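Report on the structure given below.
Given the structure is predicted, the values throughout are model-derived calculations rather than measurements. Residue numbers count from 1 along this sequence.
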Amino acid sequence: MPYWLGWQVDRHLGLDAAQRELVSTRLDVLHAWHRRTQLPAYSAWLRSIQARLDGPVQAEDIGRWREEALTAWAPIAARLAPDLAELALTLRPEQLDRMARRFEASNHDARRRLLPATPEPREAARVDRVLERVRFFVGELPPERVQQVRALALALPSGEADWLAEREARQRALLDVLGRIVREAPPPETARRWMHETLAGLWRSADPARHASLARSAV
């Protein structure tokens with residue numbers, strides 16, 4: 001994971017040698033911290049869910065588990081913010097331009113996959129995504145279960161446009177805080193505060209209509 005993350009950061013920003021060394025060192029420390037302090041809590045949480053699976057599971061249970069999973073981001077955001085702020089204070093405007101171009105290219109691919117021009121391919125793509133996720137977690141399905149999952153996927157609300165809008169909003173938020181730090185070169189403690197405020201809210205929609213739409217598609 002540290003290698004992959006380092007590669008992604010370099011790919012999006014085009015790091016120089018000093019920045020690459022900073023990222024590599026900080027990712028190694030972050031990875032060790034995460035394994036030591038966060039993975040045991042994840043394991044305990046998953047065991048508590050597994051114990052519930054012998055009985056009936058309601059939609060409310062799954063919704064609650066999803067919300068609990070999202071809370072795992074808060075300590076990561078707090079731990080990551082100082083390192084990202086330190087990196088941001090070394091960035092140059094052209095590196096942010098590179099990141100913006102990378103985001104736009106990936107968003108173009110996502111729009112092509114998630115939002116075909118007509119409803120039928122869009123629904124087929126949704127079915128394929130849901131089946132892929134189910135198979136990832138439970139393995140291959142018998143034909144009757146495949147048909148059941150297909151029917152459930154087709155009944156889901158069409159939230160692809162909102163998911164894409166949220167993805168783009170997260171990207172803009174990250175670019176905005178990085179750009180502000182690059183332009184204003186604030187003291188390190190201010191950069192850390194700005195970064196933490198951005199990261200802490202990254203997975204919560206700031207748009208009420210999109211928030212409601214995504215909530216409907218998640219239950």
Side-chain angles (χ1 to χ4, degrees), residues 1-13 15 19-90 99 102-103 106 110 129-141 149 163 166-167 169-171 173-175 177-178 188-189 191-206 211 214-215 217-219:
M1 184 60 71
Y3 179 83
W4 181 83
L5 285 172
W7 175 73
Q8 286 287 355
V9 174
D10 194 8
R11 177 172 174 264
H12 281 76
L13 288 170
L15 303 175
Q19 292 168 337
R20 200 172 292 117
E21 177 64 24
L22 172 65
V23 168
S24 177
T25 301
R26 295 297 189 273
L27 281 176
D28 285 342
V29 174
L30 177 68
H31 188 229
W33 166 84
H34 190 264
R35 288 176 62 87
R36 184 179 69 256
T37 66
Q38 304 302 296
L39 291 189
Y42 300 168
S43 181
W45 179 69
L46 289 171
R47 285 195 300 270
S48 73
I49 293 176
Q50 187 174 34
R52 286 276 290 105
L53 297 182
D54 292 332
V57 174
Q58 306 298 324
E60 294 78 12
D61 297 315
I62 296 174
R64 185 179 67 256
W65 294 335
R66 182 177 182 275
E67 287 301 309
E68 290 171 354
L70 288 174
T71 65
W73 173 244
I76 297 173
R79 182 62 183 76
L80 188 58
D83 294 338
L84 274 182
E86 184 177 357
L87 174 64
L89 287 167
T90 74
M99 175 176 272
R102 288 289 185 182
F103 281 161
S106 67
R129 285 196 309 277
V130 173
L131 276 171
E132 181 181 1
R133 291 170 187 167
V134 172
R135 285 168 173 151
F136 174 82
F137 285 105
V138 305
E140 284 300 321
L141 299 169
V149 172
W163 283 110
E166 281 299 299
R167 169 193 172 114
R170 288 193 295 270
Q171 293 169 347
L174 186 57
L175 283 168
V177 71
L178 290 174
E189 60 273 16
R192 289 193 292 267
R193 176 169 54 81
W194 292 350
M195 186 60 68
H196 183 237
E197 289 170 354
T198 298
L199 293 179
L202 210 56
W203 298 101
R204 300 293 181 183
S205 176
H211 177 78
L214 296 177
S217 69
V219 299

Next on the checklist: Could you check whether any side-chain heavy atom of L27 comes within less than 4.5 Å of a side-chain heavy atom of Y3, counting everything from C-beta outward?
Outcome noted: no
Checklist outcome for this item: Sorted by chain and residue number, the side chain to side chain donor-acceptor pair (under 3.5 Å) partners of W45 (sequence neighbours excluded) come out as E68
Checklist outcome for this item: Hits for side chain to side chain donor-acceptor pair (under 3.5 Å) against D61, two or more places apart or cross-chain, chain-then-number order -> R52, R64
Next on the checklist: Checking the side chain of T25 only, and the main-chain atoms of E21 only, is there a donor and an acceptor separated by less than 3.5 Å?
Outcome noted: yes
Item to check | Residues forming a side chain to side chain donor-acceptor pair (under 3.5 Å) with Q50, sequence neighbours excluded | outcome: none
Next on the checklist: We want to know whether S24 and R20 form a side-chain donor-acceptor pair, criterion being a heavy-atom distance below 3.5 angstrom.
Outcome noted: no
Checklist outcome for this item: Sorted by chain and number, sequence neighbours left out, ring pair (Phe, Tyr, Trp, His ring centres under 6.0 Å) with H34 holds for Y42
Checklist entry - Between H12 (side chain) and Q8 (backbone), is there a donor-acceptor pair under 3.5 Å? => result yes
Checklist entry - Does any pair with a residue in residues 23-32 pass salt bridge (charged side-chain N to carboxylate O under 4.0 Å, His left out), and if so which ones, sequence neighbours excluded? => result R26-D83, R26-E86
Next on the checklist: Whether the side chain of W194 engages the backbone of A85 through a donor-acceptor N/O pair (distance < 3.5 Å, no angle test) should be reported.
Outcome noted: no
Item to check | R102 side chain to R11 backbone, donor-acceptor under 3.5 Å | outcome: yes
Checklist outcome for this item: Closest non-hydrogen atoms of D10 and L15, given as atom of the first, atom of the second and distance, are OD1-N, 2.9 Å
Checklist outcome for this item: Sorted by chain and residue number, the side chain to side chain donor-acceptor pair (under 3.5 Å) partners of W33 (sequence neighbours excluded) come out as T37
